[in-house]
Amino acid sequence: MSTLKERLSDGLYGAGWATVKKLPEPVATGLGRRIADLAWKRRGKSVLRLESNLARVVPDATPERLAELSKAGMRSYMRYWMESFRLPTWSKERVERSIDIKDRHHLEDGLASGRGVVLALPHLANWDLAGVWVTRSLGVPFTTVAERLKPESLYDRFVAYRESLGMEVLPHTGGSAFGTLARRLRAGGLVCLVADRDLSASGTEVTFFGDRARMPAGPAILAQQTGALLLPVTLWYDDTTVMKGRIHPPVDVPDSGTRAEKTSVMTQALADAFADGIADHPEDWHMLQRLWLSDLDEREGPGA
C-alpha cells in the first residue's frame, strides 16, 4: 500500500508539472482554487493540522475565523503549487513582475562583501519563486538542501525541477551537505535554507508563539563557522498577483558563550523574525505538519 501511494504521488506531481504549465494562466489559477476548496471541505488530517497550528498563531481567533484562515491557507498553498509548476516557463521579466522584495540591500551588500550569505526562510508563500528571483533577476546561483522524498523518483523529480531553476540541491540526509554548504559560503557564495521545521529531531529548542518548538541549528552554525551573514527572509501574498517579501537585518553572532549557547540565541532570533512574518500573514504559512514539541509528544505517546 505504501509503495502504491508513493507511485500515485509521483504520478500526480508528474502530471502537474507536465499539464499545469501548459494551461492558460486563468485556468490554472481557477483549478488551484477549486482543488484547495475541495481539500478544505474534506477536513482531512492536513487541514485539521493547519487549523491547529493557526490556532497558536492567532490564539484569540473564533472557530469561524480559524475556518476562514485555513480555507485561505489552502488557497495560498495551492497558489504556491500552481506557480511552481509554471515557474520553468517564466521569463526573467515575468519573474521580476511577480515579486517585490523589500530591503534587498541586506543581501546585495552581504554578497558584495565576499563573506558569504545564508538566507533562512519559513514555509511562507512561494520560496521557489523567491529562489528564481535570486538566480534569474540577481544572477546569483545558490545552494540549498532538500528533504528526501519517497519514492526516489519523486525526490529526483524535485531535484531536477529546482536545478532547472538554477539551484544546486543537496540531500538532507547522507552527512555531506553541511560540509558542501560551508565550502560554498567560504567561497563567498549564497546558501538558502527553509528553516522553520526541524527534520533531524536534534534541532535547537526555541520559543515560538509562546510554546516550545525545535528549529534547525544549521543556519546559525554555518554563520558561526564560516563568517557568513545570516539573514532571515519572510514572504507573503496580498490581493495582487505580486508576491511580497522582506529581507530582515542580519542575525549577529554573540560575542561570548559556547557554540551551543550562540546557536540557541541566533536560532531564537530567526524564530522571532519568522513569527513576525507569520503573524502578519498567517494564511500564507504552509505548515501542515506537527511543529510544537507538545504536539509531537502527543503523537508519540501511548496509543499513537
Side chain to side chain donor-acceptor pair (under 3.5 Å) with Arg162: which of Thr144, Asp128, Thr135?
->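 Exactly one candidate clears the test, Asp128.
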
Identified side chain to side chain donor-acceptor pair (under 3.5 Å) counterpart of Ser70 within the set Glu283, Arg65, Arg75, Glu51 =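 Only one option passes, and that is Glu51.
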
If hydrophobic clusters are built from ILVMFWY residues whose side chains come within less than 4.5 Å, do [X] and [Y] share one?
X: Leu87; Y: Val27; result: yes
X: Phe178; Y: Val194; result: yes
X: Val265; Y: Leu270; result: no

Kindly indicate, with the supporting measurements, whether the criterion salt bridge (Lys or Arg N to Asp or Glu O under 4.0 Å) is fulfilled by Glu93 and Arg97.
-> CA-CA 6 Å; Glu93 292 72 24; Arg97 292 198 310 268; over 6 Å; no

Does the distance from a Lys or Arg side-chain N to an Asp or Glu carboxylate O, for Asp295 and Arg49, drop under 4.0 Å?
->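 Yes, charged N to carboxylate O under 4.0 Å.
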
Could you list the residues that satisfy ring-ring contact (aromatic ring centres under 6.0 Å, His included) with [X], not counting sequence neighbours?
X: Tyr80; answer: Trp127
X: His248; answer: none
X: Trp236; answer: His281

Which pair of non-hydrogen atoms, one from [X] and one from [Y], has the smallest distance, and what is that distance?
X: Ala217; Y: Thr267; result: CA-OG1, 4.4 Å
X: Ala36; Y: Met78; result: CB-CG, 3.6 Å
X: Leu222; Y: Ala182; result: CD2-N, 3.9 Å
X: Ala177; Y: Pro171; result: CB-O, 3.6 Å
X: Leu235; Y: Ala130; result: CD1-CB, 4.0 Å
X: Arg214; Y: Gly203; result: CD-O, 3.7 Å

Please report the C-alpha distance between Leu231 and Val118 in whole Å, then the side-chain angles of each, then the deciding distance to 0.1 Å, and finally whether the side-chain contact (heavy atoms from CB on, under 4.5 Å) criterion is met.
-> CA-CA 6 Å; Leu231 300 174; Val118 179; over 6 Å; no

Do the non-hydrogen side-chain atoms of [X] and [Y] ever get within less than 4.5 Å of each other?
X: Leu107; Y: Leu190; value: yes
X: Leu293; Y: Glu205; value: yes
X: Phe142; Y: Glu168; value: no
X: Trp285; Y: Asn53; value: yes
X: Val233; Y: Arg246; value: no

Quick one: ring-ring contact (aromatic ring centres under 6.0 Å, His included) pairs with a partner in residues 26-68, sequence neighbours left out?
->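 Checked against ring-ring contact (aromatic ring centres under 6.0 Å, His included) - neighbours excluded - no pair reaches residues 26-68.
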
Cationic tip of Arg212 within the cone over Trp292's six-membered ring, i.e. under 6.0 Å and within 45° of the normal?
->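 Cation-pi check for Arg212 and Trp292: fails.
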
Say whether, by atom type as modelled, one donor and one acceptor occur between the side chain of [X] and the main chain of [Y] under 3.5 angstrom.
X: Glu163; Y: Ala160; answer: no
X: Arg79; Y: Ala125; answer: no
X: Thr29; Y: Glu25; answer: yes

Gap separating the [atom1] atom of [X] from the [atom2] atom of [Y], nearest 0.5 angstrom:
X: Arg115; Y: Leu185; atom1: CZ; atom2: CG; answer: 10.5 Å
X: Leu181; Y: Leu170; atom1: CG; atom2: CG; answer: 5.5 Å
X: Gln268; Y: Thr207; atom1: CD; atom2: OG1; answer: 5.0 Å
X: Thr180; Y: Arg183; atom1: OG1; atom2: CZ; answer: 4.0 Å
X: Ile35; Y: Met74; atom1: CD1; atom2: CE; answer: 10.0 Å
X: Arg33; Y: Met82; atom1: CZ; atom2: CE; answer: 12.5 Å

Kindly indicate, with the supporting measurements, whether the criterion side-chain contact (heavy atoms from CB on, under 4.5 Å) is fulfilled by Asp198 and Met215.
-> CA-CA 5 Å; Asp198 177 50; Met215 292 188 179; 5.6 Å; no

Sole residue of Leu111, Val117, Leu119 in side-chain contact (heavy atoms from CB on, under 4.5 Å) with Leu229 |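 Output: one option passes, namely Val117.
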
Sequence neighbours left out, cut at 3.5 Å: what donor-acceptor pairs do the side chains of residues 99-106 make with other protein atoms?
| unit_1 | atom_1 | unit_2 | atom_2 | d |
| --- | --- | --- | --- | --- |
| Arg104 | NE | Glu108 | OE2 | 2.9 |
| Arg104 | NH2 | Glu108 | OE2 | 3.0 |

Looking at residues at least two apart in the chain, or sitting in another chain, which of them share a side chain to side chain contact (heavy atoms under 4.5 Å, CB included) with Ser76?
->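 If we apply the side chain to side chain contact (heavy atoms under 4.5 Å, CB included) test to Ser76, skipping adjacent residues, the hits are Tyr237, Asp284, His286.
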
Tell me, with the steps shown, if Arg136 and Glu96 meet side-chain contact (heavy atoms from CB on, under 4.5 Å).
-> CA-CA 9 Å; Arg136 293 188 183 171; Glu96 290 175 343; over 6 Å; no

May I ask you to check whether over 12 heavy atoms, not counting those of Asp60, lie within 6.0 Å of atom CG?
->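 Check passes, neighbour count above 12.
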
Evaluate side-chain contact (heavy atoms from CB on, under 4.5 Å) for Arg259 paired with Ile221, printing each intermediate quantity in order.
-> CA-CA 8 Å; Arg259 188 177 80 168; Ile221 295 175; 4.2 Å; yes

For the residue pair Ser98 and Arg94, confirm or rule out a side-chain donor-acceptor distance under 3.5 Å.
->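 A donor-acceptor contact under 3.5 Å links the two side chains.
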
